[in-house]
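Remarks on the structure that follows.
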Amino acid sequence: MTGTVQEDLDWSVSSYCTSGNCVQVAVVDGGTVAMRDSKNPGTVLLYSLEEWRDFLDGVDNGDF
């Protein structure tokens with residue numbers, strides 16, 4: 001799902017990001033995870049906590 005998210009969120013970036021072109025992640029209202037590309041911060045993807053956990057589990061399991 002996509003949506004508009006306020007800029008006052010506490011966006012996090014991986015410490016591995018050195019180029020400035022990075023994925024940024026923030027928690028919205030404690031129940032949604034927002035993700036955006038630093039090159040295009042106006043486009044934000046929103047995920048439920050369950051979707052985000054499933055994604056992280058997939059990364060940990062080598063599914064991607």
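Quantities reported herein were computed from a predicted structural model and do not represent experimental measurements.
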Shortest non-hydrogen contact from E51 toward L46: OE1-O, 4.5 Å
side-chain contact (heavy atoms from CB on, under 4.5 Å) assessment of V25 paired with W52: CA-CA 11 Å; V25 178; W52 188 250; 4.0 Å; yes
T43-N40 side chain donor-acceptor pair, cut-off 3.5 Å: yes
Minimum-distance pair of heavy atoms, taken over all atoms of P41 and V44: O-CG2, 3.8 Å
Verify same cluster id: V27, V59 (apolar side-chain graph, 4.5 Å): no
Full working for side-chain contact (heavy atoms from CB on, under 4.5 Å) between R36 and L45: CA-CA 6 Å; R36 69 182 184 181; L45 302 174; over 6 Å; no
Distance, nearest 0.5 Å, that separates OG of S12 from CE of M35: 13.5 Å
V28 vs V33 side-chain heavy atoms within contact, under 4.5 Å: no
From C22 atom SG to Y16 atom OH, the distance as rounded to the nearest 0.5 Å: 13.5 Å
Gap separating the CG atom of D54 from the CG atom of D63, nearest 0.5 angstrom: 10.5 Å
Rounded distance [0.5 Å steps], CG in L56 versus OH in Y47: 11.5 Å
L9 to A26 - nearest heavy-atom pair and separation: CB-CB, 3.9 Å
